[in-house]
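So the structure is just underneath, and the comments pick up after that.
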Protein chains: 2
Amino acid sequence: MGEARERRGGDSASRHEELRAELRSRGYRLTPQRQLVLEAVEELQHATPEQILQVVRRKARGVNISTVYRTLELLEDLDLVTHTHLGDRAPTYHSTSTPAHAHAVCRACGRVSEVPPEAVERFAATLLERYGFRLDIRHLAVFGECTECPQARSGEQAVTSKA
Amino acid sequence: MGEARERRGGDSASRHEELRAELRSRGYRLTPQRQLVLEAVEELQHATPEQILQVVRRKARGVNISTVYRTLELLEDLDLVTHTHLGDRAPTYHSTSTPAHAHAVCRACGRVSEVPPEAVERFAATLLERYGFRLDIRHLAVFGECTECPQARSGEQAVTSKA
DNA sequence: ATTTCTGCAAACCCTTTGCAATGGT
DNA sequence: ACCATTGCAAAGGGTTTGCAGAAAT
């Protein structure tokens, strides 16, 4: 349909077609909701389903949280997004179009930092060679404490809260 | 009280007193429930709150799940137990009296294996030196796939179920 | 006697599901 | 037209909380 528009789209129109093709090859359909969820994940970087819903709703009203869950499951199956657990609450979703990295979560101050693949490489190699295990770096979240942190954990329990 | 019993306890009686002292020094009390929860965690090794409850109930009837949660929180604060997340469901609790180790979870076959501290040492050192982050190995769970696994993840999504 | 702790029931958060209506293709 | 997808509402795990009665010190 519309052959005159082929190279008109510049960027977002072609991504739109790529996504549609990806979905169609598996028997799925492209819907506004699916597009918006993917865009929201890409925009937010570290987003919970609820946060994604809020962003989606800014662009289209009436979208339901269950659609977000169903869509995230689908996008993850298509390897367009991944999720990890940065706390005991809701998981966070990430776009696979951004460079892979792991996360380090400080239980004292709550800060989440990104850990580049280089820092994990040797560990991953060890697991593979010695334990026959292939680590998924995008899912990796390590918990502990920043060394220069206001130091909790001295009788009081570590603060996981959003302070 | 009872100075004649000092070295009588052999093992479990003295641990009982140690636990009581530990609790009392913080203003807490030793109750049968607390003792039973701790014993259950030590006995089960990798236990969810629900599994712990089942074991506790074999020895004392009427114990409630909320007591288990409250007790686990307390025991964790006292560094007698730790927890980690081996899946998207309930966390698993471990006794700190067993040697520290991390866990590797295969998303294809669901198997959970223990990763000894030696395998994590260098990674932990890297995080500390280069990123100022002190990793808690007991909380560490890595996700991925066994290399000699019936191989899922080829269109089908990874099986996280209890097969 | 005092104060913590427990069981119970209800509430809560996050996620999943059944179903009729909507909407891609 | 066909059938995937959605919104809604209800249900489902797992966890937390308020409170009155039970138990530890």
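Below, chains carry the letters A, B, ... as their sequence lines are ordered, and counting in each starts from 1.
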Parallel, tilted or perpendicular: which describes the rings of [X] and [Y], with under 30° parallel and over 60° perpendicular?
{"X": "A:H101", "Y": "A:H94", "value": "perpendicular"}
{"X": "B:H103", "Y": "B:H46", "value": "perpendicular"}
{"X": "A:F143", "Y": "B:H139", "value": "tilted"}

*Can you list the stems that DNA chain D is part of, where a stem is at least 3 pairs in a row, each Watson-Crick or G-U, with both distances below 3.5 Å?*
C:1-25 with D:1-25
*What is the distance from CG of A:L23 to C1' of C:dT25, rounded to the nearest Å?*
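Value for this atom pair: 13 Å.
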_Students often get this wrong, so: under 4.0 angstrom with heavy atoms, is B:R20 touching a base, only sugar-phosphate, or nothing?_
sugar-phosphate
*Just one of B:K59, B:R20, B:H16 clears the side-chain hydrogen bond (donor to acceptor under 3.5 Å, both in side chains) bar with B:Q35, so which one?*
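Of all the options given, the one that passes is B:H16.
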*Report yes if at least one side-chain N or O of A:S66 is closer than 4.0 Å to OP1 or OP2 of C:dT16; otherwise report no.*
no
_Give the residues of residues 27-39 of chain B touching DNA chain C, defined as any heavy atom closer than 4.0 Å, sorted by residue number._
B:Y28, B:R29, B:T31, B:Q33, B:R34
_Quick check on the hydrophobic clustering: are B:I137 and B:V41 connected, directly or via other members, by side-chain heavy-atom contacts under 4.5 Å?_
no
*asked:* Is it the case that over 12 heavy atoms from other parts of the model lie below 6.0 angstrom from the CZ atom of A:R57?
replied: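 It does: A:R57 CZ has more than 12 such atoms within range.
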_Base D:dG7 paired with A:R70 side chain (donor-acceptor, <3.5 Å)_ = yes
*C:dG7, D:dG7, D:dG13: which one has an atom nearest the side-chain heavy atoms of A:V63?*
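Out of C:dG7, D:dG7, D:dG13, the nucleotide with an atom closest to A:V63's side chain is D:dG7.
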*Side-chain ion pair, B:E73 and B:R70, N-O less than 4.0 Å*: no
*Ion pair present between B:E76 and A:R107, side-chain N to carboxylate O less than 4.0 angstrom?*
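Salt bridge: no.
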